Amino acid sequence: MNYKKLDRYLNNLYLGKDNGYRFSMQSESTLLSTDFAVMCRFLMGQNLEADQESHGLIDAILKHKEVDGRFIDNTFDISIERRHKPDYTINQFTFFTLTSLDHLGVRFNKLPFMEELLPVGKISCWLESLNWATFWYESNKIMFVMFFCAYLIEYGEGSLPERAQDCIDEIFKALDKRQDRETGFWGTDLNNRDLLDGACGAAHIFLFYDFFDREIKYPEKIIESTICQHADNGLLINREGGACEDYDAVEIYLRLMRQTEYRKTDINEILTRMKKTIERGQMSDGGFPYKIAEKKFGLFREKKSQMYEYSSWERMRTDMYKSDSWGTFFRVLTLAAIDIVAGTDSPSCRGYRLPGWGYLGKS
């Protein structure tokens, strides 16, 4: 991977401290696209707390803060019907924004919006309300809440760390109870063994087992359920893959490698192919796309423009075969995680210390 080109790409997305970063060269700046760029710069090892230009983003980000401590882009109309519902979308904004602000040196000692889930028994009721048959979708919600708890354990004041830990313990009890013994995932016993849904959902959860030193049950089943989903070039499902889906598979191996060496040789061979494919997929502008165009005779095959909208939001609409900040962050994260699984840690990448995207394990 060419880090100089990557840095140049991020610079080209930057619209100044008042506007942050746009999602791609084809789209507009948003709170989320700014978060993704900040997270990518942190992962690249840049000291954002000491960088005055990056530090200037703080005020631009904080203007999106709600009175209850959550974040939502001021231009996002929550009333519009979208694929992702408000209980998902607002927590997603908050999840990524708390992470990027943490990278910039801004932390909070309370998250008022979490008060509704911290009382004893509340989190159990909330977990029961989720549709576990669509676990890939619902696991994002669980990931957001578990991250907020981990954040409070790290930064919370008074009794908040203890209450957040109690909440985490309740979530683990529910997860252990519902894990599918046959696949090692969640929801696959309810949705006809949809392994892609299971793997992508589980990847949102296993990092918390790692962070909180919990054993992941059925590791061999999990590996078998994941390893069968790779295409011959290492990407997930097909030769074009998907930035977050490809990472999800690596994320699973990253966590399980601490428990077992089951099929280690096979996993390393697959990830070697994936790494080569992703590195070849770095675009001429220095960024990475959500999907990597299949190659033919060593050249990119011509692709018709195929647009997608991150979180079904028109302000984050772009061509999935061209670079964007979301695809770029996850491709860089995937390469860093592959190096760790292979035992060749990338010295130019830095992991996040809290269990969110970018957490590569305890140092």
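Just so we're clear, the structure is a prediction, and the values are computed from it rather than from any experiment.
Across all their heavy atoms, L104 and I58 have their closest contact at O-CD1, 3.9 Å.
Heavy-atom neighbours of K322 NZ from other residues, nucleotides or ligands within 6.0 Å: at or below the threshold of 12. Around NZ of K65, the count of heavy atoms belonging to other residues, nucleotides or ligands within 6.0 Å exceeds 12. In the displayed structure, E49 atom CD is contacted under 6.0 Å by more than 12 heavy atoms of other residues, nucleotides or ligands.
Checked by atom type, the side-chain pair S311/Q92 shows a donor-acceptor distance below 3.5 Å. For the residue pair D324 / S24, no side-chain donor-acceptor distance below 3.5 Å is found, with atom types taken as modelled.
Checking F93, W136, Y137, F95 one by one against Y88, the ring-ring contact (aromatic ring centres under 6.0 Å, His included) holds for a single residue, Y137.
A side-chain donor-acceptor contact under 3.5 Å links Q229 to the backbone of L196. Between the T94 side chain and the I90 main chain, a donor and an acceptor come within less than 3.5 Å of each other.
Ring planes of W326 and F36: tilted class, angle from 30 to 60°. In this pair, H103 and Y352 present their aromatic rings perpendicular. The plane angle is above 60°, beyond the 30 to 60° band. Ring geometry for Y151 versus F147: interplanar angle of 30 to 60°, hence tilted. Ring geometry for F206 against Y209 counts as perpendicular: the plane angle is over 60°, on a 0 to 90° scale with 30° as the lower cut.
Ionic pairing of R263 and E224 is present here: one or more N-O contacts between side-chain nitrogen and carboxylate oxygen are shorter than 4.0 angstrom.
In this structure the side chain of T134 reaches within 4.5 angstrom of the side chain of N131, judged on heavy atoms.
Taking R163 as the reference, E115 meet the salt bridge (Lys or Arg N to Asp or Glu O under 4.0 Å) condition, with sequence neighbours excluded. Remark: D102 pairs with R107, R353 by the salt bridge (Lys or Arg N to Asp or Glu O under 4.0 Å) rule, at least two apart or across chains. Residues passing the salt bridge (Lys or Arg N to Asp or Glu O under 4.0 Å) test with R8, sequence neighbours excluded: none.
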Test ring-ring contact (aromatic ring centres under 6.0 Å, His included) applied to Y9 and F288, step by step: CA-CA 9 Å; Y9 173 68; F288 289 86; 8.9 Å; no
